[in-house]
Amino acid sequence: MNAPSQTTPSNWNLPNILTSLRILFIPVFAWLVLSERWWWAFGVFVALMITDKLDGDIARSRGLVTDFGKIADPIADKALMITALVTLNIAGPLPIWITVVIIVRELGITFWRMGMLRNGKVVPASRGGKLKTVLQTVGVAMYLSPLPGWMDLPTLVVMLIAVVVTVVTGVQYLVDGAKANRKAA
């Protein structure tokens, strides 16, 4: 009796199409922010973030996880968030230092994870990492929304909390990774 063969899902599936659309719409989103079409930029950003949630949920629930998706999804996520932050700096409302701190952490942890992966260690997203993503998303969405002036301070506070969680979770990944390496050695 032959064991059932496991087939690899095709790269042409709904989650990967959603991820690809997210990547393709990043320049449109950037143009909307830079031309200060705030409500349109907000709507496109929300739609792109919804596709991020959907593609992962669909891929896991329907067994459509692919190597392409594992690589393209995080790239799409980072590209969208970095584009949002940089364009908000150019358009004016977001302090540049916030963008610098977030980008350094995001790219630093991404490269660190790639190094860990080369050593055969997969570093999954932590709860704190997921909270970081939610806070960054809410902060960016608030900056994109043409809210009344009295919302400037709450918007900044949400983004400052996002920065703190971003830094703390980045440090936590490194501390946990060092502990795991010592334990393995």
Side-chain angles (χ1 to χ4, degrees), residues 11 14-34 41-60 64-91 93-119 121-144 158-174 176-177:
N11 281 329
L14 182 58
N16 288 347
I17 290 169
L18 290 172
T19 297
S20 298
L21 284 172
R22 195 160 69 251
I23 292 168
L24 290 173
F25 270 87
I26 290 172
V28 173
F29 166 72
W31 176 79
L32 290 168
V33 175
L34 294 174
F42 172 80
V44 169
F45 181 75
V46 169
L48 294 176
M49 292 310 293
I50 288 170
T51 66
D52 180 34
K53 175 80 171 113
L54 283 176
D55 67 15
D57 290 349
I58 293 168
R60 285 184 294 277
L64 297 173
V65 175
T66 63
D67 289 340
F68 172 83
K70 289 177 189 176
I71 294 168
D73 185 67
I75 289 171
D77 298 345
K78 301 282 185 269
L80 176 59
M81 190 55 66
I82 290 171
T83 299
L85 296 169
V86 170
T87 56
L88 283 168
N89 290 143
I90 294 167
L94 182 67
I96 291 171
W97 72 267
I98 289 175
T99 298
V100 171
V101 169
I102 291 174
I103 289 175
V104 166
R105 184 276 193 199
E106 294 294 344
L107 295 180
I109 293 299
T110 297
F111 290 127
W112 172 78
R113 279 177 142 164
M114 289 173 20
M116 295 294 282
L117 191 57
R118 283 187 196 167
N119 296 328
K121 296 175 183 152
V122 176
V123 181
S126 67
R127 283 187 184 172
K130 292 177 183 181
L131 175 62
K132 174 239 2 151
T133 300
V134 168
L135 287 168
Q136 287 178 3
T137 301
V138 170
V140 166
M142 289 175 77
Y143 272 104
L144 291 170
V158 168
M159 191 54 86
L160 291 175
I161 294 168
V163 169
V164 169
V165 172
T166 298
V167 170
V168 168
T169 58
V171 170
Q172 191 61 51
Y173 277 126
L174 298 176
D176 291 348

- Ignoring hydrogens and geometry, is there a side-chain-to-backbone donor-acceptor pair from R105 to T166 under 3.5 Å? yes
- Summary of salt bridge (charged side-chain N to carboxylate O under 4.0 Å, His left out) pairs that have at least one residue in residues 124-144, sequence neighbours excluded: E106-K132
Out of curiosity, [X] [atom1] to [Y] [atom2], how far, rounded to the nearest 0.5 Å?
X	Y	atom1	atom2	result
I23	I75	CD1	CD1	6.5 Å
L34	T83	CG	OG1	9.5 Å
T169	D176	OG1	CG	11.0 Å
I50	L18	CD1	CG	11.5 Å
I82	T87	CD1	OG1	11.5 Å
T19	L48	OG1	CG	11.0 Å

- From T66, T51, I58, residue fulfilling side chain to side chain contact (heavy atoms under 4.5 Å, CB included) relative to P15: I58
Check whether any side-chain heavy atom of [X] sits under 4.5 Å from a side-chain heavy atom of [Y], and report yes or no.
X	Y	result
V164	L160	no
L32	F45	no
L80	F25	no
Q136	V165	no
N16	D55	no
K78	I103	no
L88	L144	yes
L174	I109	yes

Of all heavy-atom pairs between [X] and [Y], which one has the smallest distance, and what is that distance?
X	Y	answer
V140	A84	CG1-CB, 3.7 Å
A79	I26	CB-CD1, 3.7 Å
M142	V158	SD-CG2, 3.7 Å
Y143	P95	OH-CD, 3.9 Å

- Salt bridge check: are D73 and K70 linked by an N-O gap of less than 4.0 Å? no
- Can you tell me if CZ on F68 sees more than 12 non-hydrogen neighbours from other groups inside 6.0 Å? yes
